[in-house]
Amino acid sequence: MTTLPVALDAFGPAALAAVVVAAYLVVGEPVVGHVLHRRFEGRLRTDAGARRSFYRRLLVLEWGLAVVASVVWLASPGVDAAAVGLVWPRGWPGPGTVVVVVVVLLFVVASTRQLRAGALLEAARSARRPGEGRHAEPPGQSTLALLPRTEGERRLFTLVGVTAGVCEEWLYRGFFLAVVAAVAGGPPTWVLVVVAAVAFGLAHAYQGRAGIVLTGVLGGVMALVYVDTGSLLLPVLLHALIDLRFLLVPASALPASVHEAGGPPGR
C-alpha cells in the first residue's frame, strides 16, 4: 500500500506549484492535446514527415512536463520517494488487483491479435455508410493517425511508448495522486482510483468518447496497481506494454488515415 501525504503542508513552499501542475494535468492537458493533435492531423495531408515530427514533439513535451513535476516534488520537504511511488514494490498485489491486471493483459493479447489480423482494415471499409459523405470520419481516426507505418516511425514510436509508460505514470499516478491525497486529506483508495481514471481519460479527449472511456479505465487500473503495491514500477511496465503492442502490427494491416493525402500505409 502506498503512503500518500494527507495534508498540503507536506509540499511546503512548493504547495502552490504542485496544485497548479496537478490542475494543468486535468484542465490544460486535454485542451493542449486536442490542439496539437488537430494540427498534426492537418499536417499529415501535406507533410510525409508529420508523424515523426509529432513523435519528437511528444517526447519533448512529456519529458519536459515530467521534469517540471520532478522539480516541484524535490522542493517539497514533506513528500518522500515512497509518497510518489519512486520505490520498489512493497509486496505482491492483492488478489483483486491481480485479477484486474490479468484481464488487462488478456485484452492486450486479444486486441493485438485482432489488429494483426486486419481488424482496422475491416473497420475502415465499413466505417462510411451510403449517404454519409466522403469526408465522414470513422471513430478512432485520431488514434489510427498516430500509429507508425514506416521503419523510421516505428523506431521513434518505441521511444514514445517507453516515454508514455515512464512519464505518464509519474505524472498521473505518482505526482498527481500525491497532490490529490494532500488536498483531500487522505481520501479512500477508491476515490483516488476514480480521480486518476477521470483525469487520465480527459487527457485523451482528442480520441473521442470511446477513447476517453478506454483510457480512463486503463488509468484506473494503473492507479489500482499503484496504490496496492506502493510503487510505480508495475504500472510503468504495464503502460509501456499496452502502448508498444502496436509495434507488432504490420503496416499492411493498417488502413491509410483519412487525414493523409493518400498512398499505401507503409510508404
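The structure displayed is predicted, hence computed values, not measured ones. Only this structure's heavy atoms are used, side chains among them; waters, hydrogens and symmetry mates stay out.
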| message | Can you confirm whether the side chains of Y55 and E153 place a donor and an acceptor under 3.5 Å from each other? | response |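 Per modelled atom types, Y55 and E153 side chains form no pair under 3.5 Å.
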| Strictly by modelled atom types, are T229 and R90 linked by a side-chain donor-acceptor pair under 3.5 Å? |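 Distance-only check fails for T229 and R90.
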| Worked verdict on T112 versus F246 for side chain to side chain contact (heavy atoms under 4.5 Å, CB included) | CA-CA 7 Å; T112 302; F246 291 114; over 6 Å; no
How many angstroms lie between atom [atom1] of [X] and atom [atom2] of [Y], to the nearest 0.5 angstrom?
{"X": "L237", "Y": "M222", "atom1": "CG", "atom2": "CE", "answer": "10.0 Å"}
{"X": "E169", "Y": "L234", "atom1": "CD", "atom2": "CG", "answer": "10.5 Å"}
{"X": "T215", "Y": "L202", "atom1": "OG1", "atom2": "CG", "answer": "8.5 Å"}
{"X": "R56", "Y": "L61", "atom1": "CZ", "atom2": "CG", "answer": "14.0 Å"}
{"X": "R154", "Y": "L248", "atom1": "CZ", "atom2": "CG", "answer": "8.5 Å"}
{"X": "L254", "Y": "L115", "atom1": "CG", "atom2": "CG", "answer": "8.0 Å"}

| Is there a side chain to side chain donor-acceptor pair (under 3.5 Å) between R43 and S53 once you walk through the steps? | CA-CA 10 Å; R43 286 187 61 190; S53 176; 3.2 Å; yes
In one Ile/Leu/Val/Met/Phe/Trp/Tyr side-chain cluster, 4.5 Å: [X], [Y]:
{"X": "V166", "Y": "L86", "answer": "yes"}
{"X": "L232", "Y": "V71", "answer": "no"}
{"X": "V26", "Y": "Y24", "answer": "yes"}
{"X": "L74", "Y": "W170", "answer": "yes"}
{"X": "V35", "Y": "V32", "answer": "no"}

Do the non-hydrogen side-chain atoms of [X] and [Y] ever get within less than 4.5 Å of each other?
{"X": "Y226", "Y": "S231", "result": "no"}
{"X": "R57", "Y": "L36", "result": "yes"}
{"X": "V104", "Y": "V217", "result": "no"}
{"X": "V27", "Y": "V31", "result": "no"}
{"X": "P148", "Y": "L156", "result": "no"}
{"X": "V21", "Y": "F175", "result": "yes"}
{"X": "R155", "Y": "R52", "result": "no"}
{"X": "T158", "Y": "L247", "result": "yes"}

| message | With side chain to side chain contact (heavy atoms under 4.5 Å, CB included) as the criterion, how do L147 and V249 come out once you've worked through the C-alpha distance, each side chain's angles and the decisive distance to 0.1 Å? | response | CA-CA 9 Å; L147 302 185; V249 183; over 6 Å; no
| Can you check side chain to side chain contact (heavy atoms under 4.5 Å, CB included) on L146 and H37, steps first, answer last? | CA-CA 9 Å; L146 289 174; H37 279 80; 3.7 Å; yes
| message | Can a donor-acceptor pair be found, under 3.5 Å and without considering hydrogens, that links the side chain of W73 to the backbone of V79? | response |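 Yes; at least one donor-acceptor contact below 3.5 Å.
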| query | With no hydrogens and no angle check, is any side-chain donor or acceptor of D228 less than 3.5 Å from a backbone partner on T97? | reply |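 Looks like no, no N/O pair under 3.5 Å.
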What is the minimum heavy-atom distance between [X] and [Y], and which atoms define it?
{"X": "A75", "Y": "P13", "value": "O-CG, 3.9 Å"}
{"X": "L25", "Y": "E29", "value": "O-CB, 3.5 Å"}
{"X": "R149", "Y": "A251", "value": "O-CB, 3.4 Å"}
{"X": "F176", "Y": "A22", "value": "CE1-O, 3.7 Å"}
{"X": "S111", "Y": "R245", "value": "OG-NE, 3.2 Å"}
{"X": "A197", "Y": "G216", "value": "CB-O, 3.1 Å"}

| field | Residues, nucleotides or ligands: over 12 heavy atoms within 6.0 Å of R39 CZ | value | no
| query | Going by the side chain to side chain donor-acceptor pair (under 3.5 Å) test, which pairs reach into residues 14-23, not counting sequence neighbours? | reply | none
| query | Parallel under 30°, tilted from 30 to 60°, perpendicular over 60°: which one fits the rings of F200 and Y172? | reply | perpendicular
| query | Could you walk me through whether V193 and V221 pass the side chain to side chain contact (heavy atoms under 4.5 Å, CB included) check? | reply | CA-CA 8 Å; V193 171; V221 170; over 6 Å; no
